[in-house]
Student: 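One structure is given below, represented as structure tokens, and several questions about it will come after.
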Amino acid sequence: MSRSGADLALLLLGGFKALVDTATSELAALGYEDFRPVHEFALRAIVAGADTASELGRRTSVSKQAAAKTIATLVERGYVVRSPDPADARRMHVEVTSRGRDVMAAGERILEEARERWAKQIGSAELASLEARLAELVGDDAIRIDAPGWVAHEPGENP
């Protein structure tokens with residue numbers, strides 16, 4: 001059976017959505033009901049060095065204003081803290097808190113468990129082959145938070 005390009009896009013999106021929905025619901029059960037996928041992307045970028053709203057916006061391909069709004073939400077929810085830059089009081093640096101690191105670790109465990117379930121369902125070799133082919137098609141930059149054009153926001157989602 002031949003599939004269309006649209007079918008492929010929907011299958012890839014469906015796989016992503018299945019993993020994200022699993023992670024979101026399991027994180028909520030662990031007490032992180034206010035955590036969204038966009039927050040994970042932002043935290044990863046911050047850990048990777050995007051410690052200002054401008055830099056977070058650049059690394060996640062959103063406006064500085066959108067990045068600042070995400071940061072404000074993360075501060076309010078205790079996932080990051082802001083502090084003034086000692087060299088330039090006009091700039092604020094962002095750092096992930098222990099709560100932020102905890103939710104990231106929990107998310108990684110949940111996604112690893114989901115991956116293991118997929119491996120049991122289709123076989124470890126098949127899953128490894130799928131991962132290798134996807135990496136071949138999209139390249140290593142698809143999983144690097146600092147890659148040009150990497151997009152962390154979800155269309156229509158508010159942080």
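Because the structure is predicted, anything quoted here is derived from the model rather than measured.
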Student: Please report the interatomic distance CG(Leu43) to OG1(Thr97), rounded to the nearest 0.5 Å.
Tutor: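 Separation between the atoms: 8.0 Å.
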
Student: Measure the spacing between CG of Leu127 and CZ of Arg117 and express it to the nearest 0.5 Å.
Tutor: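 Here the interatomic distance stands at 12.5 Å.
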
Student: Does one side chain, of Tyr32 or Asp102, offer a donor that lies under 3.5 Å from an acceptor on the other?
Tutor: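 Result is no, nothing qualifies.
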
Student: Is it true that Glu136 and Arg133 have a side-chain N and a carboxylate O under 4.0 angstrom from each other?
Tutor: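 Salt bridge: yes.
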
Student: Measuring only between side-chain heavy atoms, which start at C-beta, is Met92 closer than 4.5 Å to Pro84?
Tutor: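 A side-chain contact exists here, since the closest heavy-atom pair is under 4.5 Å.
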
Student: Below 30° counts as parallel, above 60° as perpendicular, anything between as tilted: where do the rings of Phe16 and Phe41 land?
Tutor: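 Ring orientation, 0 to 90° scale: parallel.
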
Student: Kindly give the heavy-atom pair with the smallest separation between Pro37 and Val20, and that separation in Å.
Tutor: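 Scanning both residues completely, I find the closest heavy atoms to be CG-CG1, 3.2 Å.
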
Student: Just checking Glu33: does its CD atom have more than 12 heavy atoms from other residues, nucleotides or ligands closer to it than 6.0 angstrom?
Tutor: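 Enclosed: over 12 neighbouring heavy atoms sit under 6.0 Å from CD of Glu33.
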
Student: Is there a donor-acceptor pair under 3.5 Å between the side chain of Ser61 and the backbone N or O of Gly57?
Tutor: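 Not at all, since once roles are kept as given, no pair shorter than 3.5 Å links the two residues.
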
Student: Side chains of Val62 and Thr70, heavy atoms from C-beta outward: is any pair under 4.5 Å?
Tutor: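 Answer no - side chains too far apart.
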
Student: Is it the case that one hydrophobic cluster holds both Val75 and Val81, taking links as side-chain heavy atoms less than 4.5 Å apart, direct or via other members?
Tutor: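 No; tracing contacts between hydrophobic side chains, which count when under 4.5 Å, never links both residues.
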
Student: Please name the pair of heavy atoms, one in Ala67 and one in Ala53, separated by the smallest distance, quoted to 0.1 Å.
Tutor: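 Nearest pair, atom of Ala67 first, then Ala53: CB-O, 3.3 Å.
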
Student: Using modelled atom types and a 3.5 Å cut-off, is there a donor and acceptor pairing between side-chain atoms of Thr60 and backbone atoms of Leu56?
Tutor: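 Yes, because the side chain of Thr60 sits within donor-acceptor range (under 3.5 Å) of the backbone of Leu56.
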
Student: So, do Arg99 and Arg77 sit near enough that their side-chain heavy atoms are less than 4.5 Å apart?
Tutor: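 No - every pair of side-chain heavy atoms lies 4.5 Å or more apart.
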
Student: Using salt bridge (Lys or Arg N to Asp or Glu O under 4.0 Å), reason through Arg109 and Glu112 one step at a time and then give a plain yes or no.
Tutor: CA-CA 5 Å; Arg109 282 191 306 275; Glu112 186 56 35; over 6 Å; no

Student: Does the side chain of Leu11 reach to within under 4.5 Å of the side chain of Arg3, using non-hydrogen atoms?
Tutor: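 Contact flag for Leu11/Arg3 side chains = yes.
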
Student: Answer yes when Glu40 and Arg44 have at least one side-chain N-carboxylate O distance shorter than 4.0 Å, and no when they do not.
Tutor: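 Judged by the 4.0 Å cut-off on N to carboxylate O distance, Glu40 and Arg44 do form a salt bridge.
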
Student: Step by step, would you call Glu95 with Arg82 a side-chain contact (heavy atoms from CB on, under 4.5 Å)?
Tutor: CA-CA 7 Å; Glu95 185 178 343; Arg82 284 186 283 217; over 6 Å; no

Student: So Arg58 and Lys64, side-chain contact (heavy atoms from CB on, under 4.5 Å) or not? Walk me through it.
Tutor: CA-CA 8 Å; Arg58 275 192 292 281; Lys64 179 181 174 183; over 6 Å; no

Student: Roughly how far, to the nearest 0.5 Å, is the CH2 atom of Trp118 from the CG atom of Leu19?
Tutor: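 With rounding to 0.5 Å, CG (Leu19) is 4.0 Å from CH2 (Trp118).
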
Student: Indicate yes or no: at least one non-hydrogen side-chain atom of Val47 is less than 4.5 angstrom from one of Met104.
Tutor: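 Yes, their side chains come closer than 4.5 Å.
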
Student: Nearest 0.5 Å, please: how far is NZ in Lys120 from CD in Glu116?
Tutor: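 It is 6.5 Å, given to the nearest 0.5 Å.
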
Student: Could you please spell out the steps behind the side-chain contact (heavy atoms from CB on, under 4.5 Å) verdict for Val103 and Tyr79?
Tutor: CA-CA 8 Å; Val103 73; Tyr79 297 110; 3.8 Å; yes

Student: So, taking the atom named CG in Leu10 and the one named OG in Ser4, what distance separates them when rounded to the nearest 0.5 Å?
Tutor: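 Leu10 CG to Ser4 OG: 7.5 Å, rounded to 0.5 Å.
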
Student: Could you walk me through whether Ile71 and Thr52 satisfy the side-chain contact (heavy atoms from CB on, under 4.5 Å) test, starting with their C-alpha distance in whole Å, then the side-chain angles of each, then the deciding distance to 0.1 Å, before giving a yes or no?
Tutor: CA-CA 9 Å; Ile71 289 169; Thr52 65; over 6 Å; no

Student: Assess whether a salt bridge exists between Glu108 and Arg115, defined as any Lys/Arg side-chain N lying under 4.0 Å from an Asp/Glu carboxylate O.
Tutor: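 Salt bridge: no.
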
Student: Do Leu111 and Val38 belong to the same hydrophobic cluster, where Ile, Leu, Val, Met, Phe, Trp and Tyr are linked whenever their side-chain heavy atoms lie under 4.5 Å apart, directly or via other members?
Tutor: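 Result: no, two separate clusters.
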
Student: Report the distance from atom NE2 of His93 to atom CG of Asp85, rounding to the nearest 0.5 Å.
Tutor: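 One gets 3.0 Å once the value is rounded to the nearest 0.5 Å.
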
